There are 2 protein chains.
Amino acid sequence: MARLVAERSDVLPVLGEVFREHGFEGASLSVITGATGLGKGSLYHFFPGGKEEMAMAVLDEIDTWFQVNVYQPLRDGQDARAGIDHMFTAVEQYFRSGHRVCLVGVFALNNTRDRFADQVQSYFADWTAALNKALTRAGYETAAARSLTEDILGGIQGALVLARAMNDPKIFSRSLKRLREQLDL
Amino acid sequence: MARLVAERSDVLPVLGEVFREHGFEGASLSVITGATGLGKGSLYHFFPGGKEEMAMAVLDEIDTWFQVNVYQPLRDGQDARAGIDHMFTAVEQYFRSGHRVCLVGVFALNNTRDRFADQVQSYFADWTAALNKALTRAGYETAAARSLTEDILGGIQGALVLARAMNDPKIFSRSLKRLREQLDL
DNA sequence: AAAAATATGTACCAATTGGTACAATGACAA
DNA sequence: TTGTCATTGTACCAATTGGTACATATTTTT
């Protein structure tokens, strides 16, 4: 069902990158039209709710991606260890080895969080629950699993901040590697 | 030399909180005048360079604070272990046990970083150098110290992101405690 | 091909943006 | 008290903001 004209879903990845780069406030309509190549007419046709609906749609797409590629393997995979290993691989790729930043993290840090509180909250809550379950299934005690989960999710977010702040993506890959090895699966 | 009228330095903490809460783009002049209680006249008298100079001044103040309260104790304290322990205490207080976010992190994540690249970079570079030196002095091997430094700085930033995203400041305190204990000083 | 539905460009809108100009006010020292 | 300098409020500015209206394409369906 491919069309020549743009589809709503085609523009979501571009919107995602725009919001990552500029934040929600900084992503002005003119920036968005420039990056997507779509005029206001098209934009408001696809997203009648304006910027807020665009960001919501992006967050939804991100949620779906993580559900499929990260949370479900963690929760339901036969081998818990394999699910965890798969998570690290998926994360390394998703964040482009530290070249890409976490949109949810970007939104979370300032007052943009309040606009999208539910989606921001559940992004990390779902991830936490899934990883926690996997670690438990892999043999960790309840308390240890809980701590490890926080350390790993925090470690990922922090490594993204550091990598971008120092303009050195390798910081992310190195950190991810250590987080993984710390588990000696 | 206290004066009845406002001083430039009096307004810096307020500006800091405004930029934390709204980010650089989101901190409009009207938000700033509202939060500081100063009109544009005063604001542009103290900061002729406008918003950019305000943010620069805030970043400078932050840098000074960390130099005095974190980096120097790490670098020059007689007891390296005490310096590290002091760092954790200072950080726990500075970030108000997870109620406050890191302004440099906020700026780092989106394109605001490019405006303040030097200050963002050196905030983490200086911290990294100081902590690395302290860990080395405390007995860690070169490679181990380097990894630990990244883990600790990343862990702090990530914990701040998580705490704010989940709206649960305790995540920060818990993470900080584990990072500290991991060192068994 | 005609009709219906989808998609898009253009013009327009009030509100807000960051910033300037400047006169009036305040403090303070000679 | 007079003069100097720091401080502040107000009015103003062009540019941009997010958003709407709508007529015109462009597809898709019939």
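Within every chain, numbering begins at 1; the chains are lettered A, B, ... in the order of the sequence lines, protein sequences first and strands thereafter. Note that the structure is a prediction, hence the values are computed from the model and not measured.
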With nearest nucleotides of DNA chain D determined for Pro48(A) and Lys40(B) from heavy-atom distances, which residue corresponds to the more 5′ nucleotide? Lys40(B)
Please list every donor-acceptor pair under 3.5 Å in which a side-chain atom of residues 75-82 of chain A meets a protein atom from a residue at least two apart or in another chain.
residue  : atom : partner   : partner atom : Å
Arg75(A) : NH2  : Gln67(A)  : OE1          : 3.3
Asp79(A) : OD1  : Arg81(A)  : N            : 3.1
Arg81(A) : NH2  : Ala138(A) : O            : 3.1

Glu53(A) CD to dG18(D) P: how many Å, rounded? 16 Å
Measure the distance from CG on Asp10(B) to C1' on dT7(D) and round it to the nearest whole Å. 13 Å
Nearest whole angstrom, please: distance from the P of dT6(C) to the CZ of Phe47(A). 16 Å
Whole angstroms only, please: what is the OH-C1' distance between Tyr44(A) and dA23(D)? 20 Å
For residues 23-31 of chain B, which residues have at least one heavy atom under 4.0 Å from DNA chain C? Ala27(B), Ser28(B), Leu29(B), Ser30(B)
Quick check: are there more than 12 heavy atoms from other residues, nucleotides or ligands sitting under 6.0 Å from CD of Glu53(B)? yes
Using whole Å, what does the distance between atom C1' of nucleotide dG19(D) and atom NZ of Lys51(A) come to? 12 Å
Could you check whether atom CZ of Arg100(B) has more than 12 heavy atoms from other residues, nucleotides or ligands sitting under 6.0 Å from it? yes
Can you measure Leu43(A) atom CG to dT8(C) atom P for me and round it to whole angstrom units? 10 Å
Polar contact flag, side-chain donor to acceptor under 3.5 angstrom, Glu25(A)-Thr112(A): no
Would you say the side-chain atoms of Arg164(A) pair up with the backbone N or O of Leu109(B), donor to acceptor, closer than 3.5 Å? yes
Counting only side-chain nitrogens and oxygens, does His45(A) get under 4.0 Å of the OP1 or OP2 atom of dT8(C)? no
Is Arg178(B) paired with Glu181(B) through a side-chain N to carboxylate O contact shorter than 4.0 Å? no
Please give, in whole Å, the distance from dT28(D) P to Glu7(A) CD? 10 Å
